[in-house]
Amino acid sequence: MRVFNSLGRELQEFVPRQAGQVSMYVCGPTVQSSPHIGHGRSAVAFDVIGRYLEWSGYDVTYVVNITDVEDKIIAAAAERGLTPERVAAETSAQFRSAYDALNIRRPDIEPRATEHIAEMIGLIEKLIAGGHAYAADNGDVYFRVRSFADYGRLSGRKIDDLISGARIEPGEDKEDPLDFALWKAAKPGEPRWESPWGPGRPGWHIECSAMARRYLGDGFDIHGGGTDLVFPHHENEVAQSEAAHGPPFARYWLHNGMVNLGGQKMAKSTGRIVDLLGALDEYPPMAIRLFYLRTHYRRPVDFTTEALEDAGASLERLRSFRRRFSGEPEIDAAPEVLDRFRAFMEDDFDTAGALSVLFEVVREGNARLDAGQDAEEWVAAYDDIMGVLGLAEPEDSLDDLRAAIDSLAGSLDVAAAEDPAATVERIVELRDRARTEEDWARSDELRDALTHIGIIVEDAAGGTRWHRQ
RNA sequence: GGUGCCGUGGCCGAGUGGCGAGGCGCAGGACUGCAAAUCCUGUCACACCGGUUCGAUUCCGGUCGGCACCUCCA
């Protein structure tokens, strides 16, 4: 398996630290405001990577942090007249609900910055002892960038090129403009924890160094995040961790591309965003997931409603194939098909290519069913691939339609059953009787009535089928 | 200014030194009471200019265009 490692900027053969096991850390969101389409992309990209690695037989430990203390959260809280804790809790809940809707698996560990202050303080003390950090008179602690010779290796920068952009903000007390905060002294009214340098809060970068090590140890396998985090966030993580404990901090750095809007990056700071929860409300969640997966995770992708509708139509093609076969297939997928799928995935998780295999499976499966042949093997392949891509959904429940279904049944003099699906069956049987009698007006009337409450009826060669939506 | 990525058919989007990935859309056909779903066929693309090569969309150089990072950001 080859993965594109940002460290080195090339495709490299993936060899985990320990055979058969993969340790993975992904930078999750700073919970300052509601999730947008870009957050979903990152989460889906690494969710699929995790799922694929497990499907390939690896034992995966997957860690995603939640940054719940940070300047932006404090600012948002002040603006809304809430406590930072409240803002963080509310926003975390929004992220969780969006991620659940997108069928993103819960990480094995989801550490919060505020619950790991002790680890961060320990790491900062170690950096100070080693001469890599210093406490300033104002109560801040800074990392001494020039003390770490490898600084810039991950992001491909030279220290001298960075100088023009670096600056010292008012109130900071750095030796060098390149230095960055490990610990920030608390101002009145700000969240604070006791520390050897006085009350304060951690800088942004230190949490990932501390938590990744705590849960995955030194030299873990995969560190992920958006390309916008490469510099300075990930560069600083490397500096902190390797200055304290020696290299390597992480072995493979994977970065997903950005979601653009009208050709430019979607970002909170510019207001160019499309709200994720809103989109999930308006489109089938799996259409959004498919939209992400159609493009290789490293490339930028432009968000448009047309693209989402396109993905929705593709999703419908997938689902309508699966509806032709109920239950679980009892035989395995053809190995050659899974091999083709695997070949794409092993090439730096090329989900766009992998989807081409899925659609070929659907076409072949449909053709076989049309020809009256057995397609179980193709259904099995479909289920495997859909599962790895996280596109498979649980059977639609009809519970929310029960009232409408029962009411329709009542108006037709059909007895409602305990299971709403059984009630639908009875109505469909009624229509089939009308069709047998060639009473097309009655038949169409019943079909329209079902369509009206969200049940689609299709007359296939093998009999009448129906499904929701 | 520095660093890096990218320009593929109506739209989206993989990939390859020589054989039309795939999806959406559109057109025609088959099936069908109608509709839907499905199948078949068509829609033969690789920004531009040079170079290497028997042959380049694919490699090299240049031009033009787009984007990202260099500040918080998935």
Side-chain angles (χ1 to χ4, degrees), chain A residues 6 9 26-30 32-33 35-46 67 70-72 75 95 152 155-158 160-167 169 204 224-233 235 255-260 263-270 273 276 290-291 294-296 298-302 304 306-307 309-321 323-324 340 344 347 350-360 362-371 435 438-441 443-444 447-448 451 456-461 465-467:
Chain A
S6 300
R9 281 166 288 284
V26 176
C27 281
T30 298
Q32 59 172 62
S33 58
H36 63 245
I37 298 281
H39 293 113
R41 183 185 196 193
S42 188
V44 167
F46 291 103
T67 301
E70 207 266 335
D71 295 11
K72 289 267 166 90
F95 271 88
S155 57
R157 275 160 232 273
K158 299 187 199 80
D160 295 336
D161 291 339
L162 292 168
I163 294 169
S164 63
R167 56 170 177 248
E169 299 289 342
W204 175 36
T227 50
D228 55 347
L229 297 183
V230 176
F231 189 90
H233 184 52
E235 191 68 60
H255 291 102
N256 65 276
M258 298 292 101
V259 176
N260 293 162
Q264 284 179 310
K265 181 180 153 184
M266 190 177 287
K268 290 177 263 212
S269 53
T270 57
I273 54 170
L276 181 55
L290 187 58
F291 160 75
R294 302 196 304 176
T295 308
H296 183 101
R298 277 197 292 120
R299 298 190 58 161
V301 59
D302 212 60
T304 60
E306 291 76 16
E309 272 155 26
D310 183 309
S314 299
L315 178 69
E316 196 43 40
R317 175 169 167 75
L318 297 174
R319 287 172 165 171
S320 67
F321 166 64
R323 278 188 218 114
R324 300 180 73 175
R340 282 193 294 133
F344 280 112
D347 184 15
D350 182 359
T351 54
L355 282 170
S356 73
V357 177
L358 179 62
F359 282 101
E360 283 165 6
V362 166
R363 180 163 21 81
E364 181 63 23
N366 271 320
R368 293 181 68 90
L369 288 170
D370 279 2
R435 293 185 72 223
E438 300 197 1
D439 183 353
W440 308 126
S443 159
D444 289 349
R447 182 170 61 197
D448 290 347
T451 303
I456 307 295
V457 179
E458 296 172 356
D459 299 316
R465 294 199 307 259
W466 62 270
H467 61 89

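Numbers restart at 1 for each chain; the letters A, B, ... are given by sequence-line order, proteins then strands. All heavy atoms count here, side chains included; hydrogens, waters and symmetry mates do not.
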Legend entry - Pairwise P distance for B:G2 and B:C12, with rounding to whole Å: 31 Å
Inset, instruction - Please measure how far the P atom in B:G15 lies from the corresponding atom in B:U8, and state the result in whole Å. - result: 14 Å
Inset, instruction - With C1' as the reference atom in both, quote the distance from B:A47 to B:G42 in angstrom, rounded to an integer. - result: 27 Å
Inset, instruction - Describe the nucleic acid contact of A:G225 in one word from base, sugar-phosphate, nothing, applying a heavy-atom distance below 4.0 Å. - result: sugar-phosphate
Inset, instruction - Would you mind reading off the distance between A:R9 atom CZ and B:C69 atom P, rounded to a whole angstrom? - result: 16 Å
Legend entry - Sugar-phosphate only, base, or nothing, as touched by A:P232 at under 4.0 Å among non-hydrogen atoms: sugar-phosphate
Legend entry - Aro-ring/base stack A:W440-B:G33, d under 5.5 Å, angle under 30°: yes
Inset, instruction - State, yes or no, whether a side-chain contact exists between A:K72 and A:K268 at a heavy-atom distance under 4.5 Å. - result: no
Inset, instruction - Answer with base, sugar-phosphate or nothing: what part of the nucleic acid does A:K265 contact at a heavy-atom distance below 4.0 Å? - result: base
Inset, instruction - Quick one: closest heavy-atom pair of A:F344 and A:S356, and the distance? - result: CE1-OG, 3.9 Å
Inset, instruction - Classify the nucleic acid contact of A:E438 as base, sugar-phosphate or nothing, counting any heavy atom under 4.0 Å across all strands shown. - result: nothing
Inset, instruction - Let me know the distance between CG of A:D302 and P of B:C6, rounded to the nearest Å. - result: 17 Å
Inset, instruction - May I have the distance from A:E235 (atom CD) to B:C70 (atom P), rounded to whole angstrom? - result: 12 Å
Legend entry - Nearest-Å distance once atom P is located in both B:U63 and B:C70: 26 Å
Inset, instruction - Would you classify A:S443 as touching base, sugar-phosphate or nothing, given that sugar-phosphate means primed atoms plus P, OP1 and OP2, and contacts are heavy atoms under 4.0 Å? - result: base
Inset, instruction - Let me know the distance between CZ of A:R298 and P of B:C6, rounded to the nearest Å. - result: 8 Å
Inset, instruction - Considering only atom P, compute the distance from B:C48 to B:G10 and round it to an integer number of Å. - result: 14 Å
Legend entry - Distance, C1' atom - from B:C60 to B:U52, rounded to whole angstrom: 7 Å
Legend entry - Heavy-atom closest pair, residues A:G226 and A:S42: N-OG, 4.4 Å
Inset, instruction - Could you tell me whether the side chain of A:S269 has a donor or acceptor atom within less than 3.5 Å of a complementary atom in the base of B:C72? - result: yes
Legend entry - Distance in angstrom units between A:R447 CZ and B:A35 C1', rounded: 4 Å
Legend entry - Heavy-atom side-chain proximity of A:H39 to A:M266 below 4.5 angstrom: no
Inset, instruction - Check the distance between B:G7's C1' and A:N260's CG and give it to me in whole angstrom. - result: 14 Å
Inset, instruction - Write down the atom of A:F95, the atom of A:S33, and the distance for their closest heavy-atom approach. - result: CE1-O, 3.5 Å
Inset, instruction - Locate the shortest heavy-atom distance separating A:T295 from A:T351; write the atom from each residue and the value. - result: O-OG1, 3.9 Å
Legend entry - Heavy-atom closest pair, residues A:R324 and A:L369: NH2-CB, 3.5 Å
Inset, instruction - Look at all strands and tell whether A:G257 reaches a base, only sugar-phosphate, or nothing, counting heavy atoms closer than 4.0 Å. - result: base
Legend entry - d(CG, A:D71; C1', B:U71) in whole Å: 13 Å
Inset, instruction - Would you indicate what A:E309 reaches in the nucleic acid, counting non-hydrogen atoms under 4.0 angstrom: base, sugar-phosphate, or nothing? - result: nothing
Inset, instruction - First locate atom CZ of A:R363, then atom CZ of A:R317, and finally report the distance between them rounded to the nearest 0.5 Å. - result: 7.0 Å
Legend entry - Test item: A:D310 side-chain N/O and A:E306 main-chain N/O as donor-acceptor pair under 3.5 Å: no
Inset, instruction - Please work out if A:P29 contacts a base, only the sugar-phosphate, or nothing of the nucleic acid, heavy-atom cut-off 4.0 Å. - result: sugar-phosphate
Legend entry - Side-chain heavy atoms of A:R41 within contact of A:M258, under 4.5 Å: no
Inset, instruction - Could you encode protein contacts along nucleotides 36-46 of chain B as a string, one character per nucleotide from 5' to 3', using B for base contact, S for sugar-phosphate-only contact and - for no contact, with a heavy-atom cut-off of under 4.0 Å? - result: BSBSS------
Inset, instruction - Please determine, for the side chain of A:D310, which listed nucleotide (B:C11, B:G13, B:C69) has the closest atom? - result: B:C11
Inset, instruction - Please measure how far the P atom in B:G28 lies from the corresponding atom in B:G66, and state the result in whole Å. - result: 40 Å
Legend entry - Separation of the P atoms in B:G13 and B:C67, to the nearest angstrom: 15 Å
Legend entry - A:V44 side chain reached by A:N256 side chain, heavy atoms, under 4.5 Å: no
Inset, instruction - Consider the side chain of A:D444, meaning its heavy atoms from C-beta on, and name the nucleotide among B:A68, B:G33, B:G22 that approaches it most closely. - result: B:G33
Legend entry - Between A:E235 and A:S155: side-chain donor-acceptor atoms closer than 3.5 Å: yes
Using a cutoff of under 3.5 Å, can you pull out all pairs of nitrogen or oxygen atoms linking the protein to nucleotides 14-16 of chain B, with atom names and distances?
| residue | atom | partner | partner atom | Å |
| --- | --- | --- | --- | --- |
| B:A14 | OP1 | A:H296 | N | 2.8 |
| B:A14 | OP2 | A:R299 | NH1 | 2.8 |
| B:A14 | O3' | A:D350 | OD2 | 2.9 |
| B:A14 | O2' | A:D350 | OD2 | 3.0 |

Legend entry - A:E70 CD - B:U71 C1' separation (whole Å): 13 Å
Inset, instruction - State, yes or no, whether a side-chain contact exists between A:D459 and A:R447 at a heavy-atom distance under 4.5 Å. - result: yes
Inset, instruction - State the dot-bracket string of RNA chain B. Criteria: Watson-Crick or G-U wobble, both atom distances under 3.5 angstrom; notation: ( ) intrastrand, [ ] crossing earlier pairs, | interstrand, . unpaired. - result: (((((((..(((.....[...)))((((((.......))))))...(((((..]....))))))))))))....
Inset, instruction - Answer with base, sugar-phosphate or nothing: what part of the nucleic acid does A:V259 contact at a heavy-atom distance below 4.0 Å? - result: base
Legend entry - Carboxylate-amine/guanidinium contact A:R340 A:E360, below 4.0 Å: yes
